[in-house]
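Data block below; observations after.
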Amino acid sequence: MAIDFSVEAGIGSIVLNRPPANAYDGAMVAELRAAAERAAADPEVRVVVVRSASPKFFCSGADISTLQGATPARFANFLVQAQGAVDAIAAAPKLFIAAIAGHCIGGGLEIALGCDFRLASTGGYKLGLAEVNLGLSPGMGGTQRLARLIPKSRALYLMVTGEMLTPEQALADGIVDRVIPAESFDAEVMAFARKLA
């Protein structure tokens with residue numbers, strides 16, 4: 001299993017757990033969608049925290065190695081599956097918090113954009129929609145969600161350049177809501193989740 005789901009005291013926890021970088025394949029996005037739908041349907045869950053089991057990566061995006069040699073139809077089907085997972089998060093009638101404490105790239109950032117809040121830890125990692133560096137465009141709703149969150153011209157700039165941001169730069173742009181010191185990050189995320197719950 002690449003997604004761990006649990007519930008405690010009204011807080012659902014979705015943990016991305018596909019080492020080493022949480023790069024997702026079709027099975028992982030199916031598990032992510034199932035976890036989001038389970039959280040949405042569970043009356044005990046009032047808020048959901050999406051985080052990573054990795055100390056270095058929130059999510060590095062799609063596992064391109066699993067798509068090498070894919071037919072256009074297979075690639076399109078993969079994108080539909082991936083979009084469905086993020087849409088399930090965005091459509092859930094519960095509050096979702098992305099707890100970002102490692103590289104959050106491409107589809108990883110798109111997962112975070114599907115959440116209602118994005119809390120980031122301090123650290124030497126980067127955030128960005130880097131798909132252009134692979135000759136692709138964001139395929140999980142990032143073209144829409146980022147442009148709704150920050151000024152359209154800035155969103156377009158980030159998408160067409162693939163520029164990567166520090167947590168502090170992402171905060172200044174309005175992509176993340178808070179940057180929290182690494183040493184208190186987990187505690188503060190959970191305190192915020194408990195307050196919402």
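The analysis underlying the following values was restricted to heavy atoms, covering all of them including side chains, and did not include hydrogens, waters or symmetry mates.
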Original post:
Can you list the steps and then say if E110 with L129 is a side-chain contact (heavy atoms from CB on, under 4.5 Å)?
Top reply: CA-CA 8 Å; E110 291 180 277; L129 294 176; 3.7 Å; yes
Original post:
For the hydrophobic clusters of this structure (ILVMFWY residues joined by side-chain heavy atoms under 4.5 Å, transitively), does one cluster hold both L134 and F78?
Top reply: yes
Original post:
Mind checking whether V176 and V48 sit in one hydrophobic cluster, side chains of I, L, V, M, F, W, Y counted as touching below 4.5 Å?
Top reply: yes
Subject >> Exercise: do N22 and S54 side chains pair donor with acceptor under 3.5 Å >> reply: no
**OP:** Would you confirm whether the ring centroid of F192 sits within less than 6.0 angstrom of the ring centroid of F117?
**Re:** yes
Original post:
Counting only N and O atoms by type, is there a donor-acceptor contact under 3.5 Å from the side chain of E31 to the main-chain atoms of A2?
Top reply: yes
Subject >> Sidechain-backbone polar pair: R118 side chain, I175 backbone, donor-acceptor under 3.5 Å >> reply: yes
Original post:
L171 and side-chain contact (heavy atoms from CB on, under 4.5 Å): which partner among V179, D177, L165, L127?
Top reply: V179
Original post:
Which of these, I14, I111, V47, sits in a side-chain contact (heavy atoms from CB on, under 4.5 Å) with F96?
Top reply: I14
Original post:
In terms of side-chain geometry, is the basic nitrogen of R51 or D186 positioned less than 4.0 Å from the acidic oxygen of its partner?
Top reply: no
**OP:** Please check if F57 and I97 belong to a single hydrophobic cluster, counting links between Ile, Leu, Val, Met, Phe, Trp and Tyr side chain heavy atoms closer than 4.5 Å.
**Re:** no
Original post:
Quick one: does V132's side chain get under 4.5 Å of M159's, heavy atoms only?
Top reply: no
**OP:** Could you name each residue pair satisfying side-chain hydrogen bond (donor to acceptor under 3.5 Å, both in side chains) that touches residues 135-155, not counting sequence neighbours?
**Re:** D87-R145, R154-D173
Subject >> NZ/K56: more than 12 non-hydrogen atoms of other groups inside 6.0 Å >> reply: no
Subject >> Within one Ile-Leu-Val-Met-Phe-Trp-Tyr cluster: L79 and M28, side-chain cutoff 4.5 Å >> reply: yes
**OP:** Output yes when a side-chain donor or acceptor of K94 lies under 3.5 Å from a complementary backbone atom of D42, and no otherwise.
**Re:** yes
Original post:
Are there more than 12 heavy atoms of other residues, nucleotides or ligands under 6.0 Å from atom CD of E163?
Top reply: yes
Original post:
Is the side chain of R46 donor-acceptor paired with the backbone N or O of A197 at a distance under 3.5 Å, no angle test?
Top reply: yes
Original post:
Same cluster or not: are M164 and L113 linked, directly or through other Ile, Leu, Val, Met, Phe, Trp or Tyr residues, by side-chain heavy atoms under 4.5 angstrom apart?
Top reply: no
Original post:
For D25, does its backbone N or O pair with a side-chain atom of T66 as donor and acceptor, under 3.5 Å?
Top reply: no
Subject >> Listed partners of E44 passing salt bridge (charged side-chain N to carboxylate O under 4.0 Å, His left out), at least two apart >> reply: none
Original post:
Is there a side-chain contact between F58 and L16, using heavy atoms and a 4.5 Å cut-off?
Top reply: yes
